[in-house]
**Student:** 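Can you keep this structure in mind? I'll have questions shortly.
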Amino acid sequence: MPELPEVEIARRNLVRWFKGHRVVESEADDTRVFRGARWKDFNALRGRLLSLERRGKYLLFTFEADRGLLAHLGMTGRFVRRPPGETVLYSRARFHLGSGEVIHFADARLLGRMEPCSASGLSELAPVKALGRDPLVDGLSPTELQEAVGDSRQALKVALMDQGRIAGLGNIHAAEALYRARLHPARAPGSLTPAEWKRLATAVHAALEFGLEEQRGEEPRYLKEGAHNGFLIYGRAGEACARCGTTVESLSQGGRTTHFCPACQPSHPDGKTRR
DNA sequence: GGAAACCTGAGC
DNA sequence: GCTCAGGTTTCC
């Protein structure tokens, strides 16, 4: 379920957890998380974590001895740090630190992905090479946004979630960005005006920054007990739009549910609403 | 395009 | 009991 902000928070936590500690042992279970990759190579991840990079929703671990790991949280994946001996539900892979603490990769639905490889080969892995610009890592100007998304023939929201165009936006933050930019999710990317690209670029950054603020902390907020919905539009179908009071609607795009305000986000640039 | 697939948990 | 879930891939 995690999108860019959640993955970035996971990255920051991991950097903190690994800092000053060596990995004395790594071990993983043979699960679907490794897909075709050689899961036993996970055991070779030892020593210091030299760097941890995020590109879109992927994490790129670099350990000593040219050992690397590509990780994706899927829908329910998460990294947690626990004292020695403590069990973690759905733990799929573990880093044992010199301090005795254990960093688990837990994933109930097994939709996450782990791929051990050489550190130098991380950037050459197919999923990584296919990624588009990361708004936080690479920046995303209105022009760059238009170049990445403007030639798509899919609905605007679907195009925004295409990781090959922009890396990191998922169902929630794409919807949040469109609401902030007052753009209808079904708009044709080719129809946006320069002013609209500018609004959208600003909105993408705002939505991601808001998400980062929301997710700060060790335990992923979205998995927390009783976490309330702090989003502007996501999950608010049937509620009144905070901006204009119109009832928020939903529609299905590319198999995902999109929420939007039919008044604030007109389907045409001239403001006419058509559905 | 869209739907179904991969999985389990949460919510109604 | 049924539906849905913040992701990605695969197959009509």
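Because the structure is predicted, anything quoted here is derived from the model rather than measured. These numbers come from the heavy atoms of this one structure, side chains and all, not from hydrogens, waters or symmetry mates.
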**Student:** Which atom names give the shortest non-hydrogen contact between Ile166(A) and Pro135(A), and what distance separates them?
**Tutor:** CG2-CG, 3.8 Å
**Student:** Would you say Thr31(A) and Asp107(A) make side-chain contact, with heavy atoms under 4.5 Å?
**Tutor:** no
**Student:** Can I get a per-line list of side-chain donor-acceptor pairs under 3.5 Å for residues 65-75 of chain A, giving both atom names and the distance, sequence neighbours left out?
**Tutor:**
unit_1, atom_1, unit_2, atom_2, d
Asp66(A), OD1, Ala119(A), N, 3.3
Asp66(A), OD1, Ser120(A), N, 2.9
Asp66(A), OD1, Ser120(A), OG, 3.2
Asp66(A), OD2, Ser120(A), OG, 3.2
His72(A), ND1, Gly74(A), N, 2.8

**Student:** Any N/O pairs under 3.5 Å between the protein and nucleotides 2-5 of chain C? List them or say none.
**Tutor:**
unit_1, atom_1, unit_2, atom_2, d
dA5(C), OP1, Thr257(A), OG1, 3.2
dA5(C), N3, Arg109(A), NH1, 3.2

**Student:** I need the CZ-P distance between Arg32(A) and dT8(B), as an integer number of Å.
**Tutor:** 10 Å
**Student:** To the nearest 0.5 Å, what is the distance between CZ (Arg94(A)) and CD (Glu27(A))?
**Tutor:** 4.0 Å
**Student:** Please report the interatomic distance CD(Glu3(A)) to CG(Leu208(A)), rounded to the nearest 0.5 Å.
**Tutor:**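 Between Glu3(A) CD and Leu208(A) CG, I get 8.5 Å after rounding to 0.5 Å.
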**Student:** Using whole Å, what does the distance between atom C1' of nucleotide dT8(C) and atom CG of Leu125(A) come to?
**Tutor:**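 Whole-Å distance recorded here is 16 Å.
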**Student:** Whole angstrom is fine here: how far is it from CD in Gln154(A) over to P in dA3(B)?
**Tutor:**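 For the pair Gln154(A) CD and dA3(B) P, the rounded distance is 14 Å.
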**Student:** On a whole-Å scale, what distance lies between the P atoms belonging to dC7(B) and dC11(C)?
**Tutor:**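 To the nearest whole Å, 15 Å.
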**Student:** Taking the same atom, C1', in dG1(C) and in dC6(B), what whole-Å distance lies between them?
**Tutor:**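 Straight-line distance between the two C1' atoms is 23 Å.
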**Student:** With heavy atoms under 4.0 Å as the rule, sort Leu111(A) into base, sugar-phosphate or nothing.
**Tutor:**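 Since a base atom lies under 4.0 Å of Leu111(A), the category is base.
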**Student:** Provide, to the nearest angstrom, the distance between the CG atom belonging to Leu89(A) and the P atom belonging to dT8(B).
**Tutor:**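 Leu89(A) atom CG is separated from dT8(B) atom P by 11 Å.
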**Student:** Rounding to a whole Å, what distance do you find between Leu160(A):CG and dG7(C):P?
**Tutor:** 13 Å
**Student:** Check the surroundings of atom CZ in Arg46(A): do more than 12 heavy atoms from other residues, nucleotides or ligands lie under 6.0 Å from it?
**Tutor:** yes
**Student:** Given atom CE of Met161(A) and atom C1' of dG7(C), what is their separation to the nearest angstrom?
**Tutor:**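 Going from CE in Met161(A) over to C1' in dG7(C) covers 10 Å.
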**Student:** Under 4.0 Å, counting only non-hydrogen atoms across every strand here, what does Gly112(A) touch: a base, just sugar-phosphate, or nothing?
**Tutor:** nothing
**Student:** Under a 4.0 Å heavy-atom cut-off, which of residues 199-211 of chain A touch DNA chain B?
**Tutor:**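 Close to the strand, none.
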**Student:** With side chains defined as the heavy atoms from C-beta onward, is the minimum distance between Glu8(A) and Arg12(A) less than 4.5 Å?
**Tutor:** yes
**Student:** Decide if the gap between the ring center of Phe18(A) and the ring center of Phe95(A) is smaller than 6.0 angstrom.
**Tutor:** yes
**Student:** Quick one, Phe79(A) and Asn13(A) - any side-chain contact, counting heavy atoms below 4.5 Å?
**Tutor:** no
**Student:** What integer distance in Å separates Asp162(A):CG from dT9(C):P?
**Tutor:** 11 Å
**Student:** Could you state the OH-P distance from Tyr58(A) to dG7(C), rounded to the nearest angstrom?
**Tutor:**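 The distance from OH of Tyr58(A) to P of dG7(C) comes to 12 Å, rounded to the nearest Å.
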**Student:** Distance check: side-chain N/O of His72(A) vs OP1/OP2 of dT8(C), anything under 4.0 Å?
**Tutor:** yes
**Student:** Using Watson-Crick or G-U wobble geometry with both distances below 3.5 Å, tell me the partner of dC7(B), or none.
**Tutor:** none
